[in-house]
**Student:** 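Here's a structure for you.
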Protein chains: 2
Amino acid sequence: MREYYSITELTREFDISTRTLRFYEDEGLVQPVRRGRTRLFRPSDRHLIRQIMRGKRLGFSINEIREIIQMYRAPPGEVGQLKLMIKRIEEKREDLRQKRRDLEETLAELDQAEESCVERLVELGVNT
Amino acid sequence: MREYYSITELTREFDISTRTLRFYEDEGLVQPVRRGRTRLFRPSDRHLIRQIMRGKRLGFSINEIREIIQMYRAPPGEVGQLKLMIKRIEEKREDLRQKRRDLEETLAELDQAEESCVERLVELGVNT
DNA sequence: AGTTCAATTGACTTTTACGTAAATCGCGTG
DNA sequence: CACGCGATTTACGTAAAAGTCAATTGAACT
């Protein structure tokens, strides 16, 4: 496991810009350490970026992604906080389950659409 | 099956604003008929709105949603067009499959996070 | 006819998530 | 040391997707 990654290494790996990574730092999503003014990203930052990209692909906003990331962190020490966090996690899970239903429905409709196209091709006597 | 829905009926049903529905009309996503200047939405428009909301929840942009909606429509008559459409559909499906992978991974991590919280509660001797 | 209440239109504003440009900094090489 | 080159900072810009506001306009009761 490498100790540090430069900003451009990560922009290449995740196909994002330096502006984007600095923006995520401003937003508190990652906290690279500094050598002088230069940012050094640790493996944990890299993992966070991976989670951020996942969240983005799922259509979550930066704020929602921030919330989700906080859930992955070490659980709080106080009982009330713990129960609150469990509730939040359950909410996000319900959110994701809704997305999953949406996804399956959309996939099913696309399947149907493709079938119609293939049928039409067959009607036209095209060798599929 | 009802013949027409008013704009406010639909804003209530889908919890969106009239501005939003008019915006979708400007964008060509729905085409309600008019009685004078008043918009009358048909069941097909209602179904389209349902698909739009699904697309939005999945994080698709308006343009992407437009593309997807066009795929649901009657397949084109020309062979080249048909093959192109099948290719597009396959691309969207791949997109959705990626989203599904992201979704499952995120759900798995949330499961883990919740487990940590519950464990911590048990450590603290809380009756779950 | 008067009033009320939803609907329309158009203009302007807002929020999110970055993009872009300009100036500066720091460091390794010839 | 001059130079190049990547990284940083600061500030302004922008596209998408609506939200908001104001001025009308029907439509429908009474």
Side-chain angles (χ1 to χ4, degrees), chain A residues 2-42 45-46 48-70 92 95 99 102, chain B residues 2-42 45-46 48-70 92 95 99 102:
Chain A
R2 296 205 18 206
E3 195 166 2
Y4 293 125
Y5 302 87
S6 80
I7 195 168
T8 31
E9 268 180 302
L10 294 179
T11 63
R12 285 190 190 120
E13 176 172 358
F14 294 103
D15 195 28
I16 53 182
S17 69
T18 58
R19 179 72 185 84
T20 300
L21 277 177
R22 294 192 192 107
F23 173 71
Y24 291 158
E25 187 187 11
D26 286 347
E27 291 293 313
L29 296 180
V30 292
Q31 283 131 286
V33 296
R34 300 290 183 115
R35 183 174 51 205
R37 300 200 308 177
T38 302
R39 291 164 178 82
L40 298 176
F41 293 81
R42 288 155 301 185
D45 293 308
R46 184 155 162 271
L48 278 173
I49 296 168
R50 193 184 304 283
Q51 291 172 334
I52 294 168
M53 300 317 283
R54 248 177 19 208
K56 291 219 61 184
R57 284 194 296 269
L58 289 174
F60 286 111
S61 73
I62 296 295
N63 279 330
E64 289 173 314
I65 290 173
R66 200 201 326 276
E67 285 174 29
I68 294 174
I69 281 178
Q70 278 163 5
K92 276 296 165 208
D95 194 351
K99 276 188 205 290
D102 291 328
Chain B
R2 297 208 13 211
E3 195 165 4
Y4 294 125
Y5 302 87
S6 79
I7 195 167
T8 32
E9 268 181 301
L10 294 180
T11 62
R12 283 188 193 121
E13 176 171 358
F14 294 104
D15 196 29
I16 53 182
S17 69
T18 58
R19 180 70 185 83
T20 300
L21 277 177
R22 294 189 195 108
F23 174 70
Y24 291 157
E25 187 187 11
D26 287 347
E27 291 292 314
L29 296 180
V30 293
Q31 283 131 286
V33 296
R34 299 291 183 115
R35 183 175 52 205
R37 299 197 311 174
T38 302
R39 290 163 177 83
L40 297 176
F41 292 80
R42 289 157 299 184
D45 293 308
R46 183 155 164 274
L48 278 173
I49 296 168
R50 193 185 303 285
Q51 291 172 334
I52 294 168
M53 299 317 283
R54 247 177 19 209
K56 292 219 63 184
R57 284 195 295 269
L58 289 173
F60 286 112
S61 75
I62 296 295
N63 280 330
E64 288 173 316
I65 290 173
R66 200 200 327 276
E67 284 175 29
I68 293 174
I69 282 178
Q70 279 163 5
K92 276 294 166 212
D95 193 352
K99 276 188 205 291
D102 290 328

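Each chain gets a letter, A, B and so on, in the order the sequences are listed, and its residues count up from 1.
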**Student:** Between C1' on D:dA7 and CD on A:Glu9, what's the gap in Å once rounded to a whole number?
**Tutor:** 14 Å
**Student:** Kindly check if the number of other-residue, nucleotide or ligand heavy atoms within 6.0 Å of CZ (B:Arg35) is above 12?
**Tutor:** no
**Student:** Can you see if the side chain of A:Ser17 gets near the phosphate of C:dG19 - specifically, an N or O under 4.0 Å from OP1 or OP2?
**Tutor:** yes
**Student:** Just the rounded figure in Å: distance from C1' of C:dA7 to CZ of B:Arg12.
**Tutor:** 12 Å
**Student:** Which listed nucleotide (C:dT16, C:dC18, D:dG19) is nearest to the side chain of A:Asn63?
**Tutor:** C:dT16
**Student:** Ignoring hydrogens and geometry beyond distance, is the side chain of A:Arg39 in donor-acceptor contact with the base of D:dT8 at under 3.5 Å?
**Tutor:** no
**Student:** In terms of side-chain heavy atoms of A:Arg19, which of C:dG19, C:dA17, D:dA18 is nearest?
**Tutor:** C:dG19
**Student:** Can you check the B:Glu25 CD to C:dT9 C1' distance for me, whole Å?
**Tutor:** 12 Å
**Student:** Tell me the interatomic distance from A:Asp26, atom CG, to D:dA11, atom P, rounded to whole angstroms.
**Tutor:** 13 Å
**Student:** Answer yes or no: is there an ion pair linking A:Arg46 with A:Glu9, defined by an N-O contact shorter than 4.0 Å?
**Tutor:** no
**Student:** Closest approach to the side chain of A:Thr8, judged atom by atom: which nucleotide of D:dG19, D:dG6, C:dT8 is it?
**Tutor:** D:dG6
**Student:** Give a yes or no on whether a salt bridge exists between B:Glu64 and B:Lys56, defined as a side-chain N under 4.0 angstrom from a carboxylate O.
**Tutor:** no
**Student:** Can you tell me how far P of C:dT8 sits from CZ of B:Phe23, to the nearest Å?
**Tutor:** 17 Å
**Student:** If the threshold is 4.0 Å, N to carboxylate O, is there a salt bridge linking B:Arg42 and B:Asp45?
**Tutor:** yes
**Student:** When we call it a touch if two heavy atoms are under 4.0 Å apart, what does B:Thr18 touch: a base, just sugar-phosphate, or nothing?
**Tutor:** nothing
**Student:** To the nearest Å, how far apart are A:Glu27 CD and C:dA17 C1'?
**Tutor:** 9 Å
**Student:** Closer than 3.5 angstrom, by distance alone: can the side chain of A:Arg66 be matched with the main-chain N or O of A:Glu27 as a donor-acceptor pair?
**Tutor:** yes
**Student:** Give me the residues of residues 29-37 of chain A where at least one heavy atom lies under 4.0 Å from an atom of DNA chain D, by number, or none.
**Tutor:** A:Arg34, A:Arg37
**Student:** Respond yes when some side-chain nitrogen or oxygen of A:Tyr24 is under 4.0 Å from OP1 or OP2 of C:dA17, and no when none is.
**Tutor:** no
**Student:** Main chain of B:Arg12, side chain of B:Asp15: is a donor-acceptor contact present, judged purely on distance under 3.5 Å?
**Tutor:** no
**Student:** Hey, does A:Ile7 reach any base, or is it just sugar-phosphate, or nothing, if we go heavy atoms under 4.0 Å?
**Tutor:** sugar-phosphate
**Student:** What's the closest nucleotide to the side chain of B:Ser61 if the choices are C:dA7, D:dA18, D:dA17?
**Tutor:** D:dA17
**Student:** Could you check A:Leu21, A:Thr20, A:Val30 and say which one makes a side chain to side chain contact (heavy atoms under 4.5 Å, CB included) with A:Leu10?
**Tutor:** A:Leu21
**Student:** Calculate the interatomic distance between A:Arg22 atom CZ and D:dA11 atom C1'; express it in whole Å.
**Tutor:** 14 Å
**Student:** Could you tell me how far apart B:Lys56 (NZ) and D:dA18 (P) are, to the nearest whole angstrom?
**Tutor:** 3 Å
